[in-house]
Amino acid sequence: MKMYAEPGEKTRFDVYLAAETDYTRSYIKQLIDGGRATLNGRKVKCGEIVKSGDEIELDPPEPVTAAEPRDIPIDIIYEDGDIAVVNKQQGLTVHPAPGNYDNTLVNALLFRLEGLSAINGALRPGIVHRLDKNTSGVMVVAKNDAAHLSLSRQIAAREVTKIYLGLVDGHMKDASGRVDAPIGRSPRDRKLMAVVPGGRPAVTEYEVEEVLPGHDLVRFHILTGRTHQIRVHAKYLGHPITGDEQYGAGAFMGSNGQLLHSYSLTIKHPSTGEEMTFTAPLPDYFQKILKILREKDK
């Protein structure tokens with residue numbers, strides 16, 4: 001695979017490759033150290049700086065072509081012949097990628113379900129939409145191709161309603177509002193996203209649910225599904241998601257990532273057309289942190 005570095009701020013070779021591919025940073029390091037990733041035809045170190053127009057060539061080993069079933073505990077809150085709805089736990093990656101082929105939601109689904117749609121290939125069967133690794137909550141999975149196409153069309157037409165609950169740092173200026181700000185690759189760190197001119201349209205509505213000491217519990221409604229959308233828009237507002245290690249201040253009260261939860265999902269059933277809403281309560285660690293904050297306010 002050959003590519004040329006796009007215009008932008010200079011960045012490390014390993015960081016650039018991690019941003020431009022689905023590979024993990026650790027796997028990228030293996031490729032670079034093994035001479036399978038070269039810069040302008042040369043074997044270089046991870047910290048080599050990439051400049052606009054540089055020629056980059058990747059020659060990874062033949063990848064795993066299909067995910068394997070693994071007995072990983074997951075919470076399936078609904079299932080029929082067309083769909084399954086799961087309450088994904090924090091820390092679980094949705095689908096396999098280089099460096100992590102066996103410990104994902106897809107591996108767990110293959111172990112527990114009879115069938116999954118094949119539209120997204122053998123590494124992402126059934127996956128219609130995703131949640132970040134450290135975001136918990138409701139996800140719908142397609143068990144056949146017809147269901148997958150129906151759900152994909154609904155998402156593209158913005159007919160699916162996704163509601164999240166998130167704790168943010170500080171207090172929102174307004175009790176409710178709408179963020180209409182395009183999202184694209186961050187010019188400072190290509191592994192991250194940011195509000196940038198010329199980015200893809202991204203719209204998030206929000207409403208403060210509860211004011212707590214130093215934080216707000218906020219309900220987010222996303223009208224688009226951009227990568228890291230809520231996390232990026234929260235940072236853009238000046239109130240990043242609490243515990244966010246990429247866009248915020250990092251761990252909070254022992255959290256293992258951002259305190260963001262996919263609370264509810266409303267779809268039309270692929271076969272019947274019936275409107276269905278699925279919800280998942282806040283996980284215990286999230287509720288524990290809220291309880292501590294509420295007690296501080298007494």
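FYI, the numbering just counts along the sequence from 1.
Pairs passing the ring-ring contact (aromatic ring centres under 6.0 Å, His included) check and including a residue from residues 170-194, sequence neighbours excluded, do not occur. Within the structure, ring-ring contact (aromatic ring centres under 6.0 Å, His included) pairs that include any residue of residues 195-220 comprise H215-F252 (at least two apart or interchain).
Considering only residues two or more places apart in sequence or on other chains, S176 meets the side-chain hydrogen bond (donor to acceptor under 3.5 Å, both in side chains) condition with none of them. Qualifying side-chain hydrogen bond (donor to acceptor under 3.5 Å, both in side chains) partners for R185, counting only residues two or more places apart in sequence or in other chains: none. Applying the side-chain hydrogen bond (donor to acceptor under 3.5 Å, both in side chains) criterion to E205, with sequence neighbours excluded, gives R178, H221. Under the rule for a side-chain hydrogen bond (donor to acceptor under 3.5 Å, both in side chains), K235 has no partner lying at least two apart in sequence or in another chain.
A side-chain N or O of S150 and one of Q154 form a donor-acceptor pair less than 3.5 Å apart. Between T204 and Q229, the side chains place a donor N or O and an acceptor N or O closer than 3.5 Å (distance only, hydrogens not considered). T104 and H95 share no donor-acceptor pair across their side chains, judged by distance under 3.5 Å alone. Side chains of T266 and T277: a donor-acceptor N/O pair is present below 3.5 angstrom, by distance only.
A donor-acceptor contact shorter than 3.5 Å is absent between the side chain of H261 and the backbone of G166. Put simply, the side chain of N120 gets close to the backbone of I127: a donor and an acceptor are under 3.5 Å apart. Put simply, the side chain of K29 never gets that close to the backbone of D33: no donor and acceptor are under 3.5 Å apart. A donor-acceptor pair under 3.5 Å is formed between the side chain of D244 and the backbone N or O of Q246. The closest donor-acceptor contact from the side chain of D54 to the backbone of N40 lies at 3.5 Å or more, if one exists at all. At distances below 3.5 Å, at least one donor-acceptor pair connects side-chain atoms of R36 with backbone N or O atoms of D59. When atom types are taken as modelled, the side chain of Y247 and the backbone of M193 share a donor-acceptor pair closer than 3.5 angstrom. Checking side-chain atoms of S136 against main-chain N and O of Q90 turns up no donor-acceptor pair under 3.5 Å. D169 places no side-chain N or O within 3.5 Å of a backbone atom of H239 that could act as its donor or acceptor partner. In terms of modelled atom types and a separation under 3.5 Å, the side chain of S262 and the main chain of V138 share a donor-acceptor contact.
Rounded to the nearest 0.5 Å, atoms NE2 (H148) and CG (L116) are 11.0 Å apart.
The environment of OH in Y285 is crowded: more than 12 heavy-atom neighbours from other residues, nucleotides or ligands sit within 6.0 Å. The local environment of CZ in R130 is sparse, with at most 12 non-hydrogen atoms from other residues, nucleotides or ligands closer than 6.0 Å. Summarising the local packing, CG of D284 is surrounded by 12 or fewer heavy atoms from other residues, nucleotides or ligands at distances under 6.0 Å. Other residues, nucleotides and ligands contribute at most 12 non-hydrogen atoms within 6.0 Å of the CZ atom of R200.
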- Test T242 against Q258 for side-chain hydrogen bond (donor to acceptor under 3.5 Å, both in side chains), laying out the working first. CA-CA 6 Å; T242 302; Q258 63 270 6; over 6 Å; no
- Message: I'd like to know whether D82 forms a side-chain hydrogen bond (donor to acceptor under 3.5 Å, both in side chains) with N144, so could you lay out the CA-CA distance, the side-chain angles of the two residues, the decisive distance to 0.1 Å, and finally the verdict.
- Response: CA-CA 6 Å; D82 292 306; N144 55 63; 2.9 Å; yes
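Of the charged side-chain nitrogens involved, none lies within less than 4.0 Å of a carboxylate oxygen, so that E159 and R153 do not count as a salt-bridged pair. Of the charged side-chain nitrogens involved, none lies within less than 4.0 Å of a carboxylate oxygen, so that E114 and K143 do not count as a salt-bridged pair. Under 4.0 Å is where a charged nitrogen must lie from a carboxylate oxygen, and between E209 and R219 at least one such pair does.
Using a 30° and 60° split on the angle between ring planes, Y78 and F278 fall in the tilted class, from 30° to 60°.
Here the side chains of D80 and H269 are in contact, with some heavy-atom distance below 4.5 Å.
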